[in-house]
Amino acid sequence: MPSALPDGEPVPADGALPASALAGAADRPLGFYLHVPYCATRCGYCDFNTYTATELRGTGGVLASRDNYAETLVDEIRLARKALGDDPRPVRTVFVGGGTPTLLAAGDLVRMLGAIREEFGLAPDAEVTTEANPESVDPAYLAELRAGGFNRISFGMQSARQHVLKVLDRTHTPGRPEACVAEARAAGFDHVNLDLIYGTPGESDDDWRASLDAAIGAGPDHVSAYALIVEEGTQLARRIRRGEVPMTDDDVHADRYLIAEETLSGAGFSWYEVSNWATSDAGRCLHNELYWRGADWWGAGPGAHSHVGGVRWWNVKHPGAYASALAEGRSPGAGREVLSSEDRRVERILLELRLLDGVPLDLLREEGLAAARRALSEGLLRPEPFEKGHAALTLRGRLLADAVVRDLVD
């Protein structure tokens with residue numbers, strides 16, 4: 001089941017933010033994340049805040065139904081408008097994630113986007129993305145999304161090998177994600193991403209190369225490749241604990257990452273964040289860059305997290321509790337925290353080090369600067385950015401990013 005929410009102070013019933021959160025807002029981009037918590041089945045590795053029909057039965061009543069979910073989420077968008085007051089910023093990015101957003105009717109997703117457009121306005125070059133399960137869309141569905149304002153789509157491919165998909169409990173068939181890329185292009189989508197996972201128990205190097213080759217051959221302009229993380233409480237964790245499938249070790253993950261970098265760069269993709277490659281700057285995911293650079297976003301939906309001007313909050317997790325709060329005119333926020341300047345400094349280092357440009361050296365304290373010089377001498381940081389005042393990872397540094405960042409935050 002999904003992991004627990006953090007602790008925090010209460011969120012005001014009207015969702016109001018402290019004045020400090022909106023200070024200087026005009027200089028920061030604003031995005032929206034819209035969470036759709038429904039899945040047809042639960043994948044064995046997943047601990048996201050998602051629910052199948054069976055898991056919801058008897059626990060949320062009509063309020064938890066996906067049939068009226070769009071209207072419930074629109075209520076939170078309207079609450080966001082009130083909480084942000086006269087903030088004049090148009091929305092720069094919208095990202096619909098889940099779960100499986102495309103279990104909702106295409107018209108529902110368009111309606112949710114329409115509420116953002118109506119309440120806030122969209123920037124002229126706004127990036128509007130939805131995640132999609134390959135088996136839950138067809139050409140007509142994609143055409144309706146594109147006509148409704150979506151211009152970027154991300155398909156969960158994970159692997160091209162059937163036996164790997166089976167371990168992950170993925171329900172789509174090999175070849176379907178590649179077909180979806182063609183259908184999305186035909187519908188007029190400007191940008192298409194494929195998500196891949198490496199390090200699944202039973203996956204070989206050749207399996208991983210085949211997945212990369214299939215993804216590249218489909219013609220997306222963006223590929224995300226993530227190491228499988230086995231979360232406690234998931235079906236996959238239980239299978240590994242029982243000895244049914246083997247655990248993949250860190251050395252295998254490192255080897256697979258090197259294969260990804262070699263294959264993707266050889267096909268014209270360039271990395272811009274440790275797990276993300278694009279064929280051009282225009283192909284990058286602007287919404288994720290907004291997260292990595294600590295900008296402002298409102299997360300709407302059960303369990304969604306938000307951040308505005310150093311204030312971070314999170315919603316109640318269950319769809320029934322979420323809908324009940326909004327039906328009663330209350331914020332669905334479960335808790336929040338006001339980040340200190342030190343919290344924000346540390347988070348900038350944690351996140352920006354993962355980016356191609358790296359993190360400004362002037363964010364580091366004396367101990368962190370000493371660690372950065374050691375990392376430079378050990379080939380973990382690139383010399384040229386360092387000379388210009390940035391700690392930016394080499395390929396070897398990307399493999400050891402977690403260790404490097406631990407030293408830099410001292």
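A side-chain donor-acceptor contact under 3.5 Å links His287 and Tyr291. A side-chain donor from one of Glu76 and Asn315 sits under 3.5 Å from a side-chain acceptor of the other. Between the side chains of Tyr322 and His35, no donor-acceptor pair is found at a separation under 3.5 Å. For Asn276 and Ser224, the side-chain atoms include at least one donor-acceptor pair closer than 3.5 Å. Side-chain contact check for Thr72 and Asp75: no donor-acceptor pair (N or O, by modelled atom type) lies under 3.5 Å.
By the 4.0 Å N-to-carboxylate-O rule, Glu328 lies close enough to Arg330 to be salt-bridged with it. Using a 4.0 Å cut-off between charged nitrogen and carboxylate oxygen, Arg374 and Glu367 do not count as a salt-bridge pair. Taking a cutoff of 4.0 Å between a charged side-chain nitrogen and a carboxylate oxygen, Glu342 and Arg345 qualify as a salt bridge.
For Lys388, the side chain to side chain donor-acceptor pair (under 3.5 Å) partners are Glu384, not counting sequence neighbours. Under the side chain to side chain donor-acceptor pair (under 3.5 Å) criterion, Thr129 pairs with no residue at all, not counting sequence neighbours. Applying the side-chain contact (heavy atoms from CB on, under 4.5 Å) criterion to Glu366, with sequence neighbours excluded, gives no partner residue. Taking Asp250 as the reference, His253 meet the side-chain contact (heavy atoms from CB on, under 4.5 Å) condition, with sequence neighbours excluded.
To the nearest 0.5 Å, atoms SG (Cys180) and CD1 (Ile153) are separated by 7.5 Å. The distance from atom CZ of Arg293 to atom CG of Asn288, rounded to the nearest 0.5 Å, is 12.0 Å. Here the CG atom belonging to Asp87 is positioned 6.5 Å from the CG atom belonging to Leu30, to the nearest 0.5 angstrom. Here Ile349 contributes atom CD1 and Arg365 contributes atom CZ; the two are 8.5 Å apart, rounded to the nearest 0.5 Å. Distance check, rounded to the nearest 0.5 Å: CD of Glu203 to OG of Ser159 gives 6.0 Å.
Counting only distance, with no hydrogens or angles, the side chain of His390 and the backbone of Ala392 share no donor-acceptor pair below 3.5 Å. For the pair Tyr69 (side chain) and Pro37 (backbone), a donor-acceptor distance under 3.5 Å is absent. Within the 3.5 Å criterion, the main-chain N or O of Ala13 finds no donor-acceptor partner in the side chain of Ser331. The backbone N or O of Gly98 sits less than 3.5 Å from a side-chain atom of Glu131, completing a donor-acceptor pair. Remark: side-chain polar atoms of Asn151 are not paired, donor with acceptor, to backbone N or O of Asp125 under 3.5 angstrom.
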Pair Arg146-Asp190, salt bridge (Lys or Arg N to Asp or Glu O under 4.0 Å): steps then yes or no: CA-CA 9 Å; Arg146 184 67 189 93; Asp190 303 324; 3.8 Å; yes

Salt bridge (Lys or Arg N to Asp or Glu O under 4.0 Å) between Arg284 and Asp281, worked out: CA-CA 6 Å; Arg284 295 180 178 186; Asp281 288 350; 3.5 Å; yes

Pair Arg382-Glu387, salt bridge (Lys or Arg N to Asp or Glu O under 4.0 Å): steps then yes or no: CA-CA 9 Å; Arg382 305 199 307 274; Glu387 293 172 3; over 6 Å; no

Test log, rule salt bridge (Lys or Arg N to Asp or Glu O under 4.0 Å), inputs Arg78 and Glu71: CA-CA 11 Å; Arg78 292 172 178 151; Glu71 181 56 37; 3.5 Å; yes

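Below 30°, between 30° and 60°, or above 60°: for Tyr198 and Trp208 the angle between ring planes is between 30° and 60°, a tilted geometry.
Each of Phe120, Trp313, Tyr33 was checked for a ring-ring contact (aromatic ring centres under 6.0 Å, His included) with Trp298, and the lone residue meeting it is Trp313.
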What side-chain donor-acceptor pairs closer than 3.5 Å can you find for residues 398-410, not counting sequence neighbours?
residue	atom	partner	partner atom	Å
Arg398	NE	Tyr257	OH	2.9
Arg398	NH2	Tyr257	OH	3.0
Arg398	NH2	Glu261	OE1	2.7

I'd like a table of donor-acceptor pairs (distance under 3.5 Å, sequence neighbours excluded) in which one partner is a side-chain atom from residues 133-140, with atom names and distances.
residue	atom	partner	partner atom	Å
Asn133	OD1	Glu135	N	2.9
Glu135	OE2	Thr173	N	3.0
Glu135	OE2	Thr173	OG1	3.4
Ser136	OG	Thr102	OG1	2.5
Ser136	OG	Asn133	O	2.8
Asp138	OD1	Ala140	N	3.2
Asp138	OD1	Tyr141	N	2.8

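Within the 4.5 Å cutoff, the side chain of Arg89 has heavy atoms near those of the Arg28 side chain.
You'll find the ring centres of His307 and Trp297 inside the 6.0 Å limit.
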